[in-house]
Amino acid sequence: MELTKKDEEKSLHFIEEIVENDLNSGKYQSIRTRFPPEPNGYLHIGHAKSICLNFGLAKRYGGKTNLRFDDTNPVTEETEYVESIKEDVRWLGFEWANELYASDYFEQLFAFAKDLIKKGLAYVDDNPSEEIARQKGNPTEPGIRNEFADRSVEENLRLFKEMKDGKYGDGEKVLRAKVDMASPNMHLRDPIMYRIKHAAHHRTGNNWCIYPMYDFAHGQSDSIEQITHSICTLEFIPHRPLYDWFIEKLEIFPSKQYEFARLNLTYTIMSKRKLLQLVNEKHVSAWDDPRMPTISGFRRRGYTPESIQMFADKIGVQKRENLIDFSLLEFCIREHLNRVAKRRMVVFDPLKVVITNYTEEFELVQSEENPEDPGAGHRSLFFGREIYIEREDFMENPPKKFFRLAPGQKVRLKSAYIIKCDEVIKGVDGTFEELRCSYIPESRSGSDHSGLKVQGTLHWVSVKHAVPVELRLYDRLFKVEDPSNEDGDFKDYINQESLQIISKAYAEPSLKEAGKEERFQFMRKGYFFLDKESGPGKMVFNRTVTLKDAWAKEQKKS
RNA sequence: UGCCCGAUAGUAUAAUGGUAGUACGACAGAUUUUGGUUCUGUUUGUCGAGGUUCGAAUCCUCGUCGGGCAACCA
């Protein structure tokens, strides 16, 4: 593995420190991690943090990472989600050592459970869930252990077998671990290990009607796979004593659990349940709607794996709750795209300009593909007597620091000539219909000997050669920084203006050759990415992120 | 009010008993054929009170604040 000098100097986060200690002390020769999604939804940027952590650790320290689907609840899990998860992990740039499923271990888990029964550490309880909940007590009052806990090993074994054989209906019986009904940790109050669910499972079909709970599946799966560092989020901290208890009593490989704080991002939500709601209730078009914080949403929006990895790296790994500025993610994507995106000119809201002293029909001018990357070369552009410029780039009575076009004022047309505005043609309602300008022939880009200095440079397209494209401009999905922390329903805070469609923008013709994976910067506007809804006759571009806009900021001030 | 976790600029994140630093943001300026990029500078911080120590963000005590835990979800 390759470490840059910067990496070496960078301090370790607490999990890296634990791993290094375990490696240095000889506790482990190599490490093994796992990424354990439940296939009941699409992965989001929070999962990306976990993916980068788990796979990144193994990569850095020379270990292996399994992709393990935590599929112990058949009613919420689907194959569609399995496929999307695999695609997302790969897209982020990681490859797993093994593709595994908790359901692969159902037989083994069943045997583990019988082992605990034989050790007198598990029993079948006939109580309904409400009664079990009632007997659990509450954080300040101990629970009470009922008479079913006294059943003999033989009876428990027989009953558990009957549960498996389908003799009972859903909810009639559960298998419980006999731990401590008086524990201040509620998770230790004889937790449920197995419940009856007569439901088809996405992988095991109808083979099983009893399914293990998370606590009796996750740690055991880790152990079976000899996971050395089982990394999860903070809410599982109180589960850790149980995690260790099962492993100890089962006398199996001692995987260890470590917890870190999940990612929160401003102006969005990270709950799978709430994201599902946005999809189901059509507040967004799908899981991969470019406004969604899902990995597929970011992908469709034009984010790159590199930018997301960089983001994960920058936010770090800690145990304190956090709410990260969306602007940090935007910084990461701009940083990457600035280096790789090809520059193109697209006019969003056209204002026609006629260059009165230009006598040719048209000519070709050259423009850099990417000024940050001289090796990227140049492209040719049609320049003509009639062009479109951006309507907002002209003002009849401009304020002081307006460096664009105005009557009598000069600007540079990017990669072409300097022009001067001579006349404004207005419609009956006072709107600008057309500008009459003159160009300075000696100011041709690359061979400018006009001696003129202008403050502004505009993007433009030739009217005759312009290609119509559809643009989808996205803004934050929510109007408030922390929607899930506001009063009332989080949906009350949805930003209704999060999508603005420009159905007909004018692009330079080279954009017709845009490839599916190509990244573009529409100069002075933002970064754009071809959407999957594009067809032969219609090109649709998603705005990944705007360019930083100092002028917009300046205007806001006044 | 039982148990558990946490608290460093606006937001994140370092400093592992010895000069509180970095990034993003914000602000100001320079450069610029993108009001982009790049560069320079400025601003703002150890939750509080005690204690240990020559020396505390760091160790101890007591508070305060924030988060989590009482699903046949994961």
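Chain letters run A, B, ... following the sequence lines, proteins first and then strands; every chain starts at 1.
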Pick the C1' atom in rA7(B) and in rC47(B), then give their distance to the nearest Å.
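It works out to 7 Å between them.
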Take atom P in rA57(B) and the same atom in rG50(B), then report the distance between them in whole Å.
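That atom pair is separated by 14 Å.
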Under 4.0 Å, heavy atoms only, any strand: does T266(A) hit a base, just the sugar-phosphate, or nothing?
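No contact.
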Would you kindly compare L12(A) and Y214(A) by the position of their nearest RNA chain B nucleotide and give the one closer to the 5′ end?
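The residue mapped nearer the 5' terminus is L12(A).
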Could you tell me whether D170(A) and K197(A) have a side-chain N and a carboxylate O separated by less than 4.0 Å?
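Looking at D170(A) and K197(A), the cut-off is not met.
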For D373(A), is there an ion pair with K342(A) - N to carboxylate O distance below 4.0 angstrom?
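Looking at D373(A) together with K342(A), the answer is no, because their closest N to O distance does not fall below 4.0 Å.
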Please enumerate all residues that pass salt bridge (Lys or Arg N to Asp or Glu O under 4.0 Å) together with [X], with sequence neighbours excluded.
| X | answer |
| --- | --- |
| E369(A) | R344(A), R379(A) |
| E225(A) | R68(A) |
| E442(A) | none |

Please enumerate all residues that pass side chain to side chain contact (heavy atoms under 4.5 Å, CB included) together with [X], with sequence neighbours excluded.
| X | answer |
| --- | --- |
| C209(A) | H198(A) |
| D482(A) | L323(A), S484(A), N485(A) |
| A312(A) | C52(A) |
| D475(A) | N495(A) |

Tell me if the side-chain of H13(A) makes a donor-acceptor pair with the base of rA14(B), cut-off 3.5 Å, by modelled atom types.
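Flag unset: no donor-acceptor pair detected.
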Could you tell me if R404(A) sits above the aromatic ring of F394(A), with its cationic atom closer than 6.0 Å to the ring centre and no more than 45 degrees from the axis?
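No, R404(A) and F394(A) do not form such a contact.
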A cation-pi test, strictly: NZ or CZ of K164(A) under 6.0 Å from the centre of the six-membered ring of W208(A) and no more than 45 degrees from its axis. Yes or no?
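Geometry flag: set, cation within 6.0 Å and 45°.
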Where along residues 180-187 of chain A does a heavy atom come under 4.0 Å from RNA chain B, residue by residue in number order?
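Nucleic-acid contacts, sorted: P184(A), M186(A), H187(A).
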Paired stretches of RNA chain B - 3 or more consecutive Watson-Crick or G-U pairs, each distance under 3.5 Å
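Stem segments, range with range: B:2-7 with B:64-69, B:10-13 with B:21-24, B:26-30 with B:38-42, B:47-51 with B:59-63.
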Can you give me the N/O atom pairs linking the protein to nucleotides 64-68 of chain B at distances under 3.5 Å, or say none if there are none?
{"unit_1": "rG67(B)", "atom_1": "O2'", "unit_2": "E321(A)", "atom_2": "OE2", "d": "3.1"}

Show me the pairs that pass side chain to side chain donor-acceptor pair (under 3.5 Å) and involve residues 180-190 of chain A, at least two apart or across chains.
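For residues 180-190 of chain A: Y123(A)-D190(A), R145(A)-D190(A).
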State whether K314(A) places a side-chain N or O below 4.0 Å from either non-bridging phosphate oxygen (OP1 or OP2) of rU11(B).
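No, because none of the side-chain N or O atoms of K314(A) sits under 4.0 Å from OP1 or OP2 of rU11(B).
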Contact letters for nucleotides 34-45 of chain B, in which S counts primed atoms plus P, OP1 and OP2 and B counts the base, heavy atoms under 4.0 Å
BBBS--------
